[in-house]
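A short worksheet on the structure shown next.
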Number of protein chains: 2
Amino acid sequence: MTTIKDVAKYANVSVATVSRVLNKKGYVGKDSEKAVLDAIKALNYKPNSVARSLYHKSSKMIGLLMPDISNPFFPELARAVEDVALTYGYTVVICNTDEDEQKERRYLDALMQKYIDGLILTTNHLTKEEYESLDLPLVALDRIISEDIPTVVADNFRGAKEATSYLADAGCKLILHIRGPKGVHPADRRYEGFKETVEERGIANLVVEAGFKINQAEEVVYNLLKDYPQIDGIFASSDVMAAGAMKAASRAGKSIPQDIQLIGFDGIPLGEMLVPSLTTVAQPIYEMGAVSARLLIKQIEKKPLDQLNYVLDPTLVIRQTTRSVDE
Amino acid sequence: MTTIKDVAKYANVSVATVSRVLNKKGYVGKDSEKAVLDAIKALNYKPNSVARSLYHKSSKMIGLLMPDISNPFFPELARAVEDVALTYGYTVVICNTDEDEQKERRYLDALMQKYIDGLILTTNHLTKEEYESLDLPLVALDRIISEDIPTVVADNFRGAKEATSYLADAGCKLILHIRGPKGVHPADRRYEGFKETVEERGIANLVVEAGFKINQAEEVVYNLLKDYPQIDGIFASSDVMAAGAMKAASRAGKSIPQDIQLIGFDGIPLGEMLVPSLTTVAQPIYEMGAVSARLLIKQIEKKPLDQLNYVLDPTLVIRQTTRSVDE
DNA sequence: CTGAAAGCGCTTACAG
DNA sequence: CTGAAAGCGCTTACAG
């Protein structure tokens, strides 16, 4: 690799001068500038990021901590973060923590040692104090860690209310909610939205908890369908769970949407691939990722933040697992 | 951050000695060693990777170039690469190239400037010469770039033959193959496997090309189903395409597997989520990623490679989109 | 406007 | 066994 010294020699100037034209900083005479530019081109010189990082204590890299990239909610989020990062000249490092505190710590250590410039957290297994003691720009995405950490989430509560109301309007008499694990912020909020709505409207309802994997939801729903054949509406806390519910319904001999109407949550591509295609509360996933990345980079570059917390609106996307509501 | 100097001062030794115990290299007296170890603990010292990189011209990072992480084939691959990399102390940087030469070049430049230690390529829009001129350990994954570059692929040809034979055995009389874009290695091989099989067995067949997105496959198949209502078997070049075919069949009033039997390719989680669940040729995706990562790291660490090219066996996973073959 | 020098935090010959 | 020094490739005061 050619270094700044080679360029300096070729251009007959000092490395300081080369550095100045590289960074467009400080005075440089016209002639020197041209000589340097020519040398750079002739030698196809690219400045060494590592040396720059060492001096600046900054790596132009951001970390994206997530539970598991192979969970279908995350790739699009990661994609958005990458796209925005690329625009601003940052590289992103994705870390799969598997919701495991030890793994999260290890990754954090490794990133700190690399002068990572900031972190987007979609996972939170350390305390707020630990995150803050990192002394790094931070954004909490899809989870809330603390008041002080800029946050980007969808309005899970509202999305859940809309979905539940829709099922009610569509005539469901006994609605099952498949909720996600307790303590996981979005799962809790969706549950609360569901609960408030069925209570307001006085609708009979059932709630079961399932993990985010499809088989769990399928089993849970299948068993419930045997005990409560009157269930005619299901609101699932994720699209994957909804897919599980579809499989359960099929096994139980129930057809969707004739016997049971179903609404998922997330808006991942899976929904469109199912037959019938899935009615769902779509989060603006890409936008959430993009907003987070911009918010993080603003902090890194010490620009003013006009807003600390973003609550983005989800959209109820009507597809084929619900019957049309006549109004 | 505490530096090696702080540790040296605290332990009353020189930085050279600290470095020696850090790297377990060179002679260090028992007493000094203990003093240094204590100092490291007391100060919670972590060596700075950037400084190390600068000296060693190596970053302990590997690059993973892929078309698009939100294409459902890639997250699991990425996950496997990450897992193995973590084990060996490497960090992975994922780059989404969108099959775009310009983006690929930009990423490559950025990575080179960071002293990236090696690259896993699932995308190839530069020439073999360009890749080799990077002068970096390389692994081609799921695509073949050149004889000289270690490669990990699934046996696409064999998988296609198995799938096609299975449809034939199951009694299909007119089989449609939805093939992927020409020039993409796996798509070509699957096509060839299909073609060879139908010809060997003298089975009527049709071939259409579709992109890797679901809507394209759906449209193409829907139109074909109108013109050729006799189609009773479909072999799709990917699971996503197969999902598109399912939607098309449903729209055309055909039921699966009664009227049409369907087999996909890839073995992504989607297949299990569909109703009926998808019979598919499953690639060992996780293993492909893991093998690639190990192969790359071996090169980086200059260990001998016992094998240069890995062709892994896919498995025909029978689920519900095919009828059982009676033998 | 420009260069010599110090420094970012490490590692490794080189002396001793 | 241990330390002083040079060097990895940059950047930025500091002189001039």
Side-chain angles (χ1 to χ4, degrees), chain A residues 1-40 43-61 89 109-117 135, chain B residues 1-40 43-61 89 109-117 135:
Chain A
M1 284 259 101
T2 75
T3 73
I4 197 171
K5 269 191 187 167
D6 303 321
V7 177
K9 199 167 295 172
Y10 190 100
N12 261 118
V13 297
S14 72
V15 297
T17 299
V18 176
S19 179
R20 282 186 197 103
V21 350
L22 243 29
N23 299 293
K24 305 189 204 322
K25 207 182 250 178
Y27 298 94
V28 177
K30 274 285 161 226
D31 292 356
S32 307
E33 184 177 1
K34 187 177 178 336
V36 170
L37 260 13
D38 289 350
I40 289 175
L43 303 173
N44 187 226
Y45 168 71
K46 306 263 162 65
N48 179 312
S49 313
V50 176
R52 282 187 161 172
S53 289
L54 184 59
Y55 181 87
H56 283 120
K57 299 183 195 302
S58 143
S59 60
K60 282 280 187 177
M61 298 199 299
D109 277 347
L111 294 175
M112 293 303 287
Q113 294 178 46
K114 287 187 191 301
Y115 282 145
I116 198 89
D117 288 340
D135 197 27
Chain B
M1 285 258 100
T2 75
T3 73
I4 197 171
K5 270 192 190 169
D6 303 319
V7 176
K9 199 168 296 172
Y10 189 100
N12 262 117
V13 297
S14 72
V15 297
T17 299
V18 177
S19 179
R20 283 186 196 104
V21 349
L22 243 29
N23 298 294
K24 306 188 203 320
K25 205 182 253 178
Y27 297 92
V28 178
K30 272 286 159 224
D31 293 355
S32 306
E33 183 177 1
K34 186 177 177 341
V36 170
L37 259 15
D38 288 350
I40 288 175
L43 302 173
N44 188 226
Y45 168 71
K46 307 264 163 62
N48 180 313
S49 314
V50 176
R52 282 186 160 171
S53 289
L54 183 59
Y55 181 87
H56 284 120
K57 299 185 195 303
S58 143
S59 60
K60 283 278 185 178
M61 297 198 301
D109 278 347
L111 294 176
M112 294 302 288
Q113 295 178 47
K114 289 187 191 299
Y115 281 145
I116 199 87
D117 288 340
D135 197 26

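Keep in mind it's a predicted model, so treat the numbers as computed, not measured.
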When the distance from CG of A:Asn12 to C1' of C:dT2 is rounded to whole Å, what number comes out?
13 Å
Taking atom CG of B:Leu54 and atom OG of B:Ser49, what is their separation to the nearest 0.5 Å?
12.5 Å
Please confirm whether the shortest side-chain N or O distance from B:Ser32 to OP1 or OP2 of D:dT2 is below 4.0 Å.
yes
Are the side chains of B:Met61 and A:Met61 in contact, using a 4.5 Å heavy-atom criterion?
yes
Report the distance from atom NE2 of B:His56 to atom OH of B:Tyr115, rounding to the nearest 0.5 Å.
12.0 Å
Decide, yes or no, whether a salt bridge links B:Lys46 with A:Asp109 under the criterion of side-chain N to carboxylate O below 4.0 Å.
yes
Strictly under 4.0 angstrom, non-hydrogen atoms only: write out the protein contact profile of nucleotides 7-16 of chain D, one letter per nucleotide from the 5' end, B, S or -.
BBBSBBB---
Could you check if a side-chain atom of A:Asn48 sits within less than 4.5 angstrom of a side-chain atom of A:Thr3, using non-hydrogen atoms only?
no
Using atom P of each nucleotide, how far apart are D:dC10 and C:dC1 to the nearest Å?
25 Å
CG-CD1 distance between B:Leu43 and B:Ile4, expressed to the nearest 0.5 angstrom:
12.0 Å
So how far is it from B:Lys5 NZ to B:Ser14 OG, rounded to the nearest 0.5 Å?
12.5 Å
Tell me the stems DNA chain D sits in, counting at least three consecutive Watson-Crick or G-U wobble pairs, each under 3.5 Å on both distances.
C:1-3 with D:14-16, C:5-12 with D:5-12, C:14-16 with D:1-3
Min side-chain heavy-atom separation B:Arg52-B:Pro47 under 4.5 Å
yes
